[in-house]
Amino acid sequence: MKLNQNYANLQESYLFLTIAKKVAAYTEAHPDNHIIRMGIGDVTQPLVPAVIEAMHKATDEMAHKETFHGYSPDQGYDFLREAIQGYYAKRGVALKRSEIFVGDGAKSDVGNIVDIFADDNTVLIPDPVYPVYVDTNVMSGRKVIYLDANEQNGFLGMPDENVKADIIYLCSPNNPTGAVYNRAQLKAWVDYALKNNAVILFDAAYESFITHDDLPHSIFEIEGAKKCAIEFCSFSKTAGFTGVRCGYTVICDELVSDGTKVNTLWARRQATKFNGVNYITQRAAEAVFTDEGQQQVKGVINYYRANAKVMVDAFKEMGVWFTGGENSPYIWHKVPDGMTSWEFFDYLLNEAEVVGTPGSGFGKNGEGFFRLTAFGTLEKTQEAMERLKKLLKK
């Protein structure tokens, strides 16, 4: 038996496993202390009433022969795909139902989409970056090149005509930096992809946190994007589905390679390797798009936005450079002079008992920066910022 060494080389280096081990060791040594966790982007507010009601109703349906549901359709139930269609239509994006694929979360689809692309494609990935983008391609043995996102360009890297790539990863609002591309910047990327016969894999998992009307929520708001982009979105951050698992991927019929619709290839892949999202979860997701559901979900998002504002105000008061917070649930800030990102992680954990994420874990350009999330409770967010202000005053 031989193992895929691309996997083996990665198994000990996963960012969040390292964090978990450090926090577990600290907790074991200080069992009575109260750590505030602002490192992982997990949510803390419960599912909204409209979603819970839909789940209860769907559960009851499963108890009766007449309304029982077994395997779900590979692409998702029509009722949910039609609800997603309507959501996009409100932003002026017309989609066919067949262009929408319901999955068990954006992370899974972002990781699995590479199954339909040849291993000899060159992949362009921003640095710093969400580790899944890099790791899934390293596991497949693809050539990965990096796009510099840094303080000078506001952590929004732009295309370079001298660089040739076949697959491009973009995330906006960005994880980890919280930076958001505007329409002109995304149009430049679409034009680059069309010129180079490349595909953009666009992660829109945090689109619901955008507050500025001039910022696009979907890459399909950009002319030409349907011919060169695949979009991934999630109910995890939009509606608190981190423990429920549901998301969707959009591949338009206009995206064609060598005469083959990419949509058709993904449909074939899903039919082979995926049995669909369960009926109860899809009914819950459908409820997110009802008028009642949208109102309730926006209330929860506003709660997290309020947390982000607490963080933004604190960093402004401290005079620390940062991005994010306004159109994103993430704050990406500089660490104190002379410290590495991991040194600041240890310092923050040991001196303030606050957990964040070292920027260097997202790539070389993340060194010297740190990510904090707004997904905690308001009380803990406020307490964490007070601890941080006292710590940095030292």
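Being a predicted model, the structure only gives us computed values, none of them experimental.
Remark: side-chain polar atoms of Thr122 are not paired, donor with acceptor, to backbone N or O of Asp166 under 3.5 angstrom. A donor-acceptor contact shorter than 3.5 Å links the side chain of Asn174 to the backbone of Cys171. Asp109 places no side-chain N or O within 3.5 Å of a backbone atom of Gly247 that could act as its donor or acceptor partner.
Taking the six-membered ring for Trp and thresholds of 30 and 60 degrees, Phe235 and Phe241 have ring planes inclined between 30 and 60 degrees apart.
Taken together through direct or relayed side-chain contacts under 4.5 Å among Ile, Leu, Val, Met, Phe, Trp and Tyr, Ile331 and Trp321 form part of one hydrophobic cluster.
Put simply, the residue from Leu80, Ile100, Val93 that forms a side-chain contact (heavy atoms from CB on, under 4.5 Å) with Gln85 is Ile100. The only option from Phe344, Phe322, Phe155 that meets the ring-ring contact (aromatic ring centres under 6.0 Å, His included) definition with His333 turns out to be Phe344.
A salt bridge is absent between Asp120 and Lys143: the closest approach of a Lys/Arg side-chain nitrogen to an acidic carboxylate oxygen does not fall below 4.0 angstrom. A salt bridge links Arg97 with Glu82: at least one charged nitrogen is closer than 4.0 Å to a carboxylate oxygen. Ionic pairing of Arg387 and Glu383 is present here: one or more N-O contacts between side-chain nitrogen and carboxylate oxygen are shorter than 4.0 angstrom.
The stretch residues 288-310 participates, sequence neighbours left out, in these salt bridge (charged side-chain N to carboxylate O under 4.0 Å, His left out) pairs: Lys309-Asp313. Annotation: ring pair (Phe, Tyr, Trp, His ring centres under 6.0 Å) contacts involving residues 375-394, sequence neighbours excluded, comprise Phe209-Phe375, Tyr304-Phe375. The stretch residues 357-373 participates, sequence neighbours left out, in these salt bridge (charged side-chain N to carboxylate O under 4.0 Å, His left out) pairs: Asp148-Lys364.
At a cut-off of 3.5 Å, with distance as the only test, a side-chain donor of Tyr279 or Glu61 sits close to an acceptor on the other residue. Under the 3.5 Å distance criterion, with hydrogens and angles disregarded, a donor-acceptor pair is assigned to the side chains of Asp104 and Ser108. Glu353 and Asn33 form a side-chain donor-acceptor contact under 3.5 Å, judged by distance and modelled atom types alone. Side chains of Thr264 and Arg268: no donor on one and acceptor on the other come within 3.5 Å. Side-chain contact annotation: Ser140 with Asn137, donor-acceptor N/O pair under 3.5 Å absent.
Between Pro176 and Thr357 there is no side-chain heavy-atom pair separated by less than 4.5 Å. Within the 4.5 Å cutoff, the side chain of Asp127 has no heavy atoms near those of the Phe362 side chain. In this structure, Phe315 and Met385 have side chains that are in contact, with non-hydrogen atoms separated by less than 4.5 Å. Counting only heavy atoms from C-beta outward, the side chains of Val256 and Val262 never approach each other to under 4.5 Å. Taking the side chain as every heavy atom from C-beta outward, Asp203 and Leu170 never approach each other to under 4.5 Å. Taking 4.5 Å as the limit, every side-chain heavy atom of Ile251 sits out of range of all side-chain heavy atoms of Glu99.
Residues forming a side chain to side chain donor-acceptor pair (under 3.5 Å) with Tyr88 (at least two apart in sequence, or on another chain): Glu231. Applying the ring-ring contact (aromatic ring centres under 6.0 Å, His included) rule to Tyr169 yields the partners Tyr133; only residues at least two apart in sequence or on another chain are considered.
Grouping Ile, Leu, Val, Met, Phe, Trp and Tyr by side-chain contacts under 4.5 Å, direct or through others, puts Val180 with Ile210, Leu215.
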Working for ring pair (Phe, Tyr, Trp, His ring centres under 6.0 Å), residues Tyr26 and His30: CA-CA 6 Å; Tyr26 184 88; His30 307 84; 4.1 Å; yes

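For the pair Arg81 and Tyr248, the NZ or CZ position fails the cation-pi test of under 6.0 Å to the six-membered ring centre and within 45 degrees of the ring normal.
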